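Please read all numbers here as calculations on a predicted model, not as lab measurements. To find a chain, count down the sequence lines: A is the first, B the second, and so on, and within it residues start at 1.
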Protein chains: 2
Amino acid sequence: MSTDDSRGHPPFAVTVDLAVFTIRDGAFSVLLVERGVEPYAGSWALPGGFVEPHEDAETAAWRELHEETGVERFGRHGGHLEQLRTYSAPDRDPRMRVVSVAHVAFAPDLPEPRAGSDAAGARWWAVDDLLVRSTGPDGPRLAFDHAEILRDAVERIRAKLEYTTLALEFVAEPFTLPELRRVYTAVWGSAPDLGNFRRKVLGTEDFVVPTQTHETPSEAGGRRALLYRRGAAASISPPMLRAIG
Amino acid sequence: MSTDDSRGHPPFAVTVDLAVFTIRDGAFSVLLVERGVEPYAGSWALPGGFVEPHEDAETAAWRELHEETGVERFGRHGGHLEQLRTYSAPDRDPRMRVVSVAHVAFAPDLPEPRAGSDAAGARWWAVDDLLVRSTGPDGPRLAFDHAEILRDAVERIRAKLEYTTLALEFVAEPFTLPELRRVYTAVWGSAPDLGNFRRKVLGTEDFVVPTQTHETPSEAGGRRALLYRRGAAASISPPMLRAIG
DNA sequence: TCAATAGTGTCTTTGAGACACTATCGC
DNA sequence: GCGATAGTGTCTCAAAGACACTATTGA
């Protein structure tokens, strides 16, 4: 702002909403909480809460993320969180004037969520079951304008996988290239060609760093993949484009 | 938001700040207003103002844009405006707790700005003179956190020229390809190769639509360029990458 | 005829897309 | 050996980069 003083200007409540994503059982999934109070009691919503007086929005978002999932901010790769955009329609909350700064967060397969203080429950939902496709959603309709926020968040992530190394945020170290490829498969909905995927990942300097060891046998047979750690590269150029559709 | 009621939660003021860009005399330029009141009286700042009770942030941004520049929202290409991000550091305004939803706007060469009600003046500044380079800024230091907002806005625009047809928002119809190329040159700071630029623009379906007429002679001699209108395409794929640097 | 600008053509190189092939594991 | 998974090689084609060349104007 720059022009006037705020005298006569009404107060707003400011909140953060979080779209927290992970890959669970190969499915691109988002955390929702069941609302315990009106409005929308019994509906599912993105987790969130009020920004406190001493906080900026990002700090509030980290606090909420920790409260809901236990993820800590410490170090690089204690999860990743970034601002998405701000939603400010005057009627988006029937109780009062609320402006919400939405954020997007990711982490490798997370523990079962804790229930928030006044949320009746919390669970992961497959994103595909929530988004409206030709048939409409298989999951619940979301409270407030959270369906719109979720759509925007999903599109942001799909786009950022193309030109950043964001996919690394969805795997725990050490990881295999097939695991990393399954992140792209889950988020984009179709598998990138195996050979081309490897060429791109291994050809991008410092995207992944090989270790000397191979994964230990899992259940199904098959050759054991080499393990990698995350590299320091942040961007992929030229981008790895998703297939059309 | 989703969890609690706002009882006990302190009020925020919500504002919009605008980074309004145009190309003036071949220079990528941004509109600043001179502050008439404390804090930062006499400093330059991005134009902006409070969000009114009945408005969402985007509506408030359009209103401010109109007040400052006269640009109307009507129709396609009465200018372009989009949300950038939200700035919410607790101490960003010494007077009170203010959250600002920053927006970016563009238009073809605009008339001289009107002074806002309580802004002492308003003028265009070349972006290059404001951004800190090796030598520090040649222009004024900006009020509040507006230098950070401006940096983010400039980077957003530079990036979006690569994969969208946003450059069209900087030219008035009808326009020539050399004019359009000068937009890229001004924003990126270096000229894309002429032949490659034409190949990309003309090869992208519906990026530009040719007319039957050529420009009328200007001052300097030289062949007269064909005139075009904006096409309906919104994205460029694969992107037109800026040169390294 | 010259300077200035608009516009075309083309050679080379990079890298994506597609897909066949080889390697290593458990059984 | 077979099924399953990991990993390699290679042919083709689209498109960017670089840059030389031609075209049209005013003076």
Rounded distance in Å - CE (A:Met240) to P (C:dA16): 9 Å

Atom pair distance, as rounded to whole Å: CG in A:Leu227 and C1' in D:dT5: 15 Å

B:Leu180 CG - C:dG7 C1' separation (whole Å): 15 Å

Protein proximity profile, nucleotides 17-27 of chain C - base contact B, sugar-phosphate-only contact S, no contact -, cut-off 4.0 Å on heavy atoms: BBB---BBBS-

Residue pair B:Thr176 / B:Leu180, side-chain heavy-atom distance below 4.5 Å: no

Of A:Tyr228 and B:Ser237, the one whose closest DNA chain D nucleotide lies more 5': A:Tyr228

Contact under 4.0 Å: A:Lys200 side-chain N or O vs C:dA16 OP1/OP2: yes

Atom pair distance, as rounded to whole Å: CD in A:Glu179 and P in D:dG7: 11 Å

B:Ile236 CD1 to D:dA14 P, straight-line distance once rounded to whole Å: 20 Å

A:Val104 and A:Phe21, any side-chain heavy atoms less than 4.5 Å apart: yes

Side chain to side chain contact (heavy atoms under 4.5 Å, CB included) involving B:Arg181 - partner list, sequence neighbours excluded: B:Thr185, B:Ala191, B:Pro192, B:Leu194, B:Phe197

Any B:Thr86 side-chain heavy atom under 4.5 Å of A:Gln83 side chain: yes

Gap between atoms CZ and P, on A:Arg198 and D:dA6 respectively (whole Å): 9 Å

A:Leu177, nearest nucleotide to its side chain (from C:dG7, D:dG7, C:dG15): D:dG7

Value in whole Å for how far the C1' atom of D:dA18 lies from CZ of B:Phe197: 17 Å

Among B:Glu82, B:Glu169, B:Glu155, the one residue meeting salt bridge (charged side-chain N to carboxylate O under 4.0 Å, His left out) with B:Lys160: B:Glu82

Atom-to-atom span, CG of A:Leu202 to P of D:dG9 - whole angstrom: 12 Å

Gap separating the CG atom of A:Leu166 from the CZ atom of A:Phe106, nearest 0.5 angstrom: 4.0 Å

